Amino acid sequence: MGFTDVIKEVRETSPLVHCITNNVVINFTANGLIALGASPVMASAKEEASQMVQHAKALLLNIGTLAAADVEAMILAGKEANRLGIPVIFDPVGVGATAYRTETARRILAEVNVTVIRGNAGEIAVLGGTSAQVKGVDGNKEGISHNQVQQIADDLQAVVIATGEVDILSDGKRTFSVANGHHMLTKITGSGCLLGAVVAACAGASENVLEACIGALTFYGIASEKAAERAIAPGSFQAAFLDQLYLLQDEAGVLEQVNQLA
Amino acid sequence: MGFTDVIKEVRETSPLVHCITNNVVINFTANGLIALGASPVMASAKEEASQMVQHAKALLLNIGTLAAADVEAMILAGKEANRLGIPVIFDPVGVGATAYRTETARRILAEVNVTVIRGNAGEIAVLGGTSAQVKGVDGNKEGISHNQVQQIADDLQAVVIATGEVDILSDGKRTFSVANGHHMLTKITGSGCLLGAVVAACAGASENVLEACIGALTFYGIASEKAAERAIAPGSFQAAFLDQLYLLQDEAGVLEQVNQLA
Amino acid sequence: MGFTDVIKEVRETSPLVHCITNNVVINFTANGLIALGASPVMASAKEEASQMVQHAKALLLNIGTLAAADVEAMILAGKEANRLGIPVIFDPVGVGATAYRTETARRILAEVNVTVIRGNAGEIAVLGGTSAQVKGVDGNKEGISHNQVQQIADDLQAVVIATGEVDILSDGKRTFSVANGHHMLTKITGSGCLLGAVVAACAGASENVLEACIGALTFYGIASEKAAERAIAPGSFQAAFLDQLYLLQDEAGVLEQVNQLA
């Protein structure tokens with residue numbers, strides 16, 4: 001259930017991941033995917049977004065810097081991915097912060113069958129129509145409980161990943177937590193967005209989406225822990241983290257912190 | 001009058017800085033703001049730019065890679081920032097290089113009350129309708145005098161920062177120079193643009209805009225000096241500089257080179 | 001015929017290179033050009049793209065993340081570069097992957113006289129109407145022969161550079177291979193795109209385009225070899241490579257692997 005098989009599969013098959021993502025993280029996302037062993041392509045023109053999907057093993061839709069033209073391309077590409085049966089990973093960055101972002105996220109969910117949704121606890125709560133402010137006893141620090149995540153996954157018929165100090169993910173039936181990761185990830189931009197892309201690569205290379213997500217989360221978290229041993233601050237951490245995405249193997253000293261919650 | 005109080009305030013309150021900036025530096029700007037301790041958000045769609053300002057403590061408008069849609073978003077966001085009373089920092093990148101850039105800069109200044117303008121000497125001179133080629137005895141190497149900067153600040157009713165080997169800034173009444181900084185800043189892209197964002201973070205976290213600007217300039221300059229001690233060339237300097245934005249404290253050996261000129 | 005004179009000329013004259021390029025690599029391209037000693041400007045609005053060319057010594061057109069507005073700007077800027085007699089470097093990223101990309105590349109070639117085309121073997125083959133899958137005995141690993149490259153250069157009346165493990169370039173009469181380079185270049189995004197920009201800087205600073213291209217390729221390849229000695233993985237390599245673009249001189253231990261093939 002760990003990362004070994006999933007990451008091995010990515011490195012052996014180098015899946016093409018079509019990313020329609022935001023301008024802040026587009027370079028970091030491409031570099032992260034290459035370091036991991038996957039192949040990125042970024043094509044967000046509506047004239048070609050759909051056709052480019054035909055070469056891909058997975059599609060990432062990230063609304064971090066929304067523009068009307070991108071939304072149209074996202075929906076065209078998403079529908080084509082659905083037709084082809086390849087996984088669609090949706091990252092609803094900032095949903096809830098503006099009406100436009102919330103409406104766009106809902107529109108994408110209405111028109112495209114997404115396979116995986118990755119967001120922080122607040123974003124996932126907004127999508128689920130619940131509140132992240134309600135911090136139950138079993139909620140993570142960000143204020144979403146594993147029961148909420150499981151319910152939202154069931155409602156949206158997707159694997160839902162709520163990332164935070166402890167990540168919670170669920171396919172609506174089974175629910176897991178992944179406690180790997182390092183706080184330095186919160187000191188660089190795009191660490192959540194790149195995680196979405198890594199999830200896409202893993203889902204594109206695997207048979208089992210939930211296992212691919214768990215593999216992606218544990219690998220990503222451990223890579224950040226290893227990188228933090230080699231970096232003192234965010235600038236050097238960013239380079240060290242890309243290095244670890246390239247270098248990290250299943251080796252002595254790698255401690256996966258995965259727990260099944262339900 | 002130095003950076004200690006200003007930067008401490010940024011780190012304690014983590015102000016959200018809404019950046020409508022250029023595609024070249026958007027990632028570096030986000031990473032720089034996070035390293036400093038502020039929170040960046042980039043939202044340039046006209047459908048949401050204005051609403052996103054409502055969450056922010058400061059707004060940055062940077063015309064480095066102009067597009068017509070961005071200009072519309074900048075003006076909508078700027079007007080909303082004015083309504084809310086939060087500072088607007090304007091970076092007129094490349095003004096004077098093309099008619100479109102000059103017209104756009106003038107349009108933004110006409111429609112939005114900007115709090116701070118940050119540019120190099122040539123850009124500031126263009127905005128002021130003077131010439132940066134005239135190098136008076138009191139001009140810095142880039143050819144703008146502190147009298148010119150003070151006059152332009154008075155004319156435009158804003159704090160004006162003309163950066164160069166020595167930075168000059170004025171609110172139209174008081175004028176200062178800041179000599180901190182390292183030439184390696186000129187060997188990476190976006191060092192001026194990120195400075196504009198750091199000024200925005202400081203202005204958003206402070207009561208006194210002029211003091212916030214002086215704090216931002218000295219902190220930024222000293223961070224570059226510290227980074228240059230750890231880097232041999234631009235690639236390693238970029239990472240070292242982000243590290244210093246995160247690490248730098250007011251400590252022994254920090255030498256602030258601020259002088260009041262008028 | 002090596003890099004010394006060409007790179008020296010770039011560093012002494014610091015040519016302004018106007019880049020209309022893709023959002024994935026725009027920051028890396030700007031940083032690479034500055035590290036090299038050239039001056040980048042990125043202006044892709046149709047309202048100003050043509051006027052900005054008037055300040056430039058070379059123009060780079062890269063279709064990596066196509067958008068309709070950019071194409072219009074590319075053609076306006078290209079025509080102006082032609083009128084001014086400055087070199088136009090065209091990088092047909094992903095041509096052949098979608099109909100839109102292929103049509104756009106052909107349209108640019110029809111409307112603009114390009115001076116240099118840089119692509120990988122597959123992209124160059126698509127432009128030439130041949131196939132990169134046909135691997136003749138004299139083909140490089142990517143499957144294009146030096147005869148094909150020479151023929152395409154003659155047909156398109158441009159210097160054509162087909163990059164790969166061994167680069168092949170031709171002006172239609174003379175054909176060369178450059179074997180410098182390190183596989184770590186394939187582990188970061190934008191290494192081909194930045195090469196196009198470095199070619200533009202060299203062509204903009206030189207009298208002889210073919211020699212400028214050979215100089216750019218050898219310099220770039222050797223810089224990657226030197227960087228790989230200092231880096232273990234892609235994240236650290238990226239910084240080390242930018243460092244070498246800044247530091248590399250013609251020195252003991254620099255081995256240029258240039259051969260004339262025809």
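A note on names: the letters A, B, ... follow the listed sequences, proteins ahead of strands, and every chain is numbered from 1. FYI, side chains are in, hydrogens and waters are out, and symmetry mates aren't considered; it's all heavy atoms of this structure. None of these values were measured; they are calculated from a predicted model.
- Between chain A and the residues Glu47(B), Gln238(B), His55(B), the largest count of heavy-atom pairs under 4.5 Å involves Glu47(B).
- Atoms OG and CG, from Ser44(B) and Asn23(A) in turn, are 7.5 Å apart once rounded to the nearest 0.5 Å.
- Heavy-atom neighbours of chain B within the stretch residues 97-110 of chain A, taken at a separation under 4.5 angstrom, comprise Ala97(A), Thr98(A), Ala99(A), Tyr100(A), Arg101(A).
- Remark: the backbone N or O of Ser236(A) is paired with a side-chain donor or acceptor of Asp243(B) at under 3.5 angstrom.
- How far CZ of Phe28(A) is from CG of Asn31(B): 8.0 Å, rounded to the nearest 0.5 Å.
- Using a 4.5 Å heavy-atom cut-off against chain B, the contacting residues of residues 225-235 of chain A are Ile232(A), Ala233(A), Pro234(A), Gly235(A).
- Partners of Val24(A) under the side-chain contact (heavy atoms from CB on, under 4.5 Å) rule, at least two apart in sequence or in another chain, are Asn22(A), Thr65(A), Thr189(A), Ile26(B), Ala30(B), Met42(B).
- Within the structure, the salt bridge (charged side-chain N to carboxylate O under 4.0 Å, His left out) test picks out no pair touching residues 182-192 of chain B (sequence neighbours left out).
- Heavy atoms from other residues, nucleotides or ligands lying under 6.0 Å from CG of Asp5(B) number 12 at most.
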